[in-house]
Amino acid sequence: MLRAALASLASICVGCSFFTPFPDVELQGGGGSSSGGGGAGAEGGGPACDVETECSNCPSEMCPAPDDPIELSVDASALAENPDSALTIIDGLVAEDILFIGTFRQAVTLTVPGRSGVTGLTTQTGFIFRPFNADVITPVTNCGSDDQPFSSGEVFFTSMSDAGDQYVVAGAFEGDYLRFSDTSQPMCGTGGSIVSAPAGNGEKFAPFIAFARDNNTGIEGALTAINAARGNENGYISDVAALDSSQHRVVAVGMAKQDPFAQSSDFDGSTALYYVLAADGPSLDDMVVLNRRICSANDFDQGVLGGLRSSITVDGDGVVWVAGTGCEPDDSDGDHSFIERIPTLGLTTFDEKSSIDLGTDEAPVGVTKISANDARVFVAGTYSGEPFAETPGAETGTDDGFVMAFERDSWDQGAAWVTRIASTGKPEIGALLSAGDKVFVTGTIVGDGGISPSLACFTSDEPTKGRAFLAALDAATGDLQWLRFDGFDAGSPTENAFARGTALAAGGADVFSAMSIHGQLEMSCGGATTNPSNRPEAWIRPYLGIVR
């Protein structure tokens with residue numbers, strides 16, 4: 001099925017006017033452009049960016065061109081004041097099929113070429129879709145007890161993972177229940193599959209993990225909260241990962257003030273703490289509460305909900321790794337991050353955990369993502385100052401991004417390498433995954449920047465909300481394999497113009513990236529217009545055969 005989907009890409013996108021490669025990279029040995037402020041110019045030693053010679057002649061091995069992309073778009077007439085959150089791809093996976101999840105906003109219609117549109121009915125609506133098949137988009141709506149859409153509520157999708165012949169979606173919702181349905185069924189009322197909130201939850205967020213069969217738009221079961229959340233600053237799950245796909249076991253990380261699942265007495269009811277759970281389908285197996293809370297300094301943006309900057313992965317031996325931005329309860333200064341190692345016993349219960357801190361009060365670190373292969377554990381996020389001074393490849397940064405690797409067998413003895421993602425303004429990391437001998441990272445760079453020796457080369461003014469990037473690093477050394485940017489119009493972007501990398505999925509030799517955009521987007525080194533409107537869009541781009 002997967003190969004059939006890939007084989008159909010060309011036929012799906014023949015004649016698509018939105019296709020163009022974006023070789024927006026300047027190659028210069030160890031050099032940077034002339035701009036400063038902690039971005040590319042801080043690298044020094046390279047020639048000034050020459051669009052005609054540098055960008056147009058970018059070597060293909062360092063500047064991969066994607067195969068034809070799939071475009072999602074939103075009729076955004078009602079979103080002029082809030083385009084930044086209008087359409088976002090959150091996560092994706094490649095299993096029996098290729099799936100992505102995302103959100104879009106109220107009073108708009110989400111469309112994919114060749115398929116009918118789906119209209120959002122709530123403040124924020126989740127959706128599941130298969131971008132390379134003529135399959136349905138699956139809207140997800142929160143509903144009230146009267147079987148009507150819960151107009152003031154929101155749905156947060158945060159993560160998805162493969163679970164053998166099932167996939168799982170995690171997040172939170174407001175309302176009495178959450179209905180999964182395809183476009184032929186009513187958003188509320190009869191039909192579809194339901195996830196219920198705990199009694200008395202009201203308008204607070206209820207965490208959930210929903211299990212669905214491949215090629216099925218409904219869900220077969222869900223792990224849901226028993227206790228009502230204490231306010232919208234908690235009560236959600238931020239990331240989920242497969243623990244044992246053959247048995248449909250998963251692990252997840254979340255945050256709450258009181259135990260959502262009535263399993264632990266370690267919550268005190270006053271401070272929101274991180275927790276990790278293991279679930280066998282819709283049944284909870286075990287839970288452990290971490291001695292971590294949100295830091296008070298908030299040097300790094302915590303996202304819409306505090307604690308969303310946490311991530312979980314499982315290595316080949318079944319060891320669970322968790323990373324997040326958080327402080328111990330008695331730590332009142334600065335932002336710290338942590339990596340937690342939690343072995344499992346029989347794939348049902350957790351063993352004794354151990355942890356390390358990242359960052360200091362003077363040089364804070366914010367972790368966004370974690371991933372692992374057989375040899376190493378990788379984390380990515382944002383940092384400032386010199387928190388990695390003893391690590392190979394470390395550089396001083398001013399609100400820059402990073403990817404860092406730890407040897408799995410000696411992870412608490414210091415990092416093996418760190419790679420800086422320079423940015424004039426604060427960057428964001430959208431996704432991190434290890435595949436083959438590479439580590440792939442995507443996100444947003446505000447202004448100039450990149451990963452030395454390849455840095456952004458743009459003719460347009462700097463947009464205030466950034467450009468999307470996609471990079472591949474050598475998993476053993478952190479060296480840059482290739483780097484790709486998506487730029488803007490050669491003129492001046494509007495205040496709300498942006499592009500951001502938001503999700504990655506890998507399967508076999510192939511990688512799929514998601515990018516969200518708003519405003520007129522052009523190939524800076526060629527001038528080919530791809531989006532002449534101001535509507536929010538998301539592009540899913542396949543890079544076939546690049547994992548080796």
Side-chain angles (χ1 to χ4, degrees), residues 85 88-91 101-106 120-128 138-144 149-161 167-180 188 193-212 219 221-241 250-263 267 272-277 279 282 284 287 289 294 302-312 322 324 326 368 503:
S85 56
T88 303
I89 307 298
I90 306 296
D91 201 359
I101 58 172
T103 59
F104 66 113
R105 307 291 289 192
Q106 65 183 5
L121 298 178
T122 64
T123 302
Q124 180 162 278
T125 301
F127 62 92
I128 307 168
T138 304
V140 180
T141 302
N142 45 348
C143 303
F150 197 71
S151 59
S152 62
E154 295 192 347
V155 178
F156 280 92
F157 277 173
T158 56
S159 178
M160 73 186 309
S161 182
Y167 64 91
V168 295
V169 177
F173 68 96
E174 295 172 292
D176 296 295
Y177 62 88
L178 183 69
R179 181 176 295 281
F180 286 66
C188 293
S193 305
I194 294 175
V195 178
S196 297
N201 198 70
E203 298 183 8
K204 302 177 179 66
F205 285 109
F208 73 90
I209 301 176
F211 292 77
I219 62 169
L223 175 65
T224 58
I226 297 173
N227 292 329
R230 290 192 178 182
N232 281 347
E233 72 275 12
N234 66 89
Y236 56 88
I237 291 170
S238 60
D239 197 16
V240 65
V250 299
V251 290
V253 58
M255 173 168 278
K257 285 187 175 179
Q258 71 175 36
D259 183 359
F261 306 101
Q263 290 286 313
F267 296 90
L273 298 174
Y274 287 100
Y275 63 86
V276 178
L277 63 84
L284 184 65
M287 175 189 286
V289 179
I294 294 300
Q302 298 295 324
V304 178
L305 296 173
L308 283 180
R309 297 176 70 93
S310 59
S311 183
I312 194 166
V322 184
T368 303

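With Asp239 contributing its side chain and Ile312 its backbone, the two residues share a donor-acceptor pair below 3.5 Å. Not one N or O on the side chain of Ser159 forms a donor-acceptor pair closer than 3.5 Å with the backbone of Ala170. With hydrogens and angles ignored, the 3.5 Å screen pairs no side-chain donor or acceptor of Ser161 with any backbone N or O of Val168.
Note that CD1 of Ile209 and CD1 of Ile219 are 12.0 Å apart. Values are rounded to the nearest 0.5 Å. Here the CG atom belonging to Leu223 is positioned 5.5 Å from the CG atom belonging to Leu284, to the nearest 0.5 angstrom.
With a 4.5 Å cut-off on side-chain heavy atoms, Val276 and Tyr274 do not count as touching.
Nearest heavy atom pair, residue Ile237 against residue Tyr275, reads CG1-OH, 3.7 Å. Met287 and Phe267 make their closest contact through SD-CE1, 4.1 Å (heavy atoms, listed as atom of the first residue, atom of the second, distance). Nearest heavy-atom pair across Asn227 and Ala262 is ND2-N, 3.9 Å. When all heavy atoms of Ser196 and Phe173 are compared, the pair lying nearest together is C-CZ, 4.0 Å. Of all heavy-atom pairs spanning Glu154 and Phe205, the tightest one is O-CE2, 4.0 Å. Across all non-hydrogen atoms, the minimal contact from Ala272 to Met255 is CB-CG, 3.7 Å.
Contacts of Thr158 classified as side-chain hydrogen bond (donor to acceptor under 3.5 Å, both in side chains), with partners at least two apart in sequence or in another chain: none. Judged as a ring pair (Phe, Tyr, Trp, His ring centres under 6.0 Å), and not counting sequence neighbours, the contacts of Phe127 are Phe104, Phe129.
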side-chain contact (heavy atoms from CB on, under 4.5 Å) between Ile128 and Phe157: does it pass, once the steps are laid out? CA-CA 10 Å; Ile128 307 168; Phe157 277 173; 4.1 Å; yes
Step by step, would you call Val155 with Thr125 a side-chain contact (heavy atoms from CB on, under 4.5 Å)? CA-CA 6 Å; Val155 178; Thr125 301; 5.9 Å; no
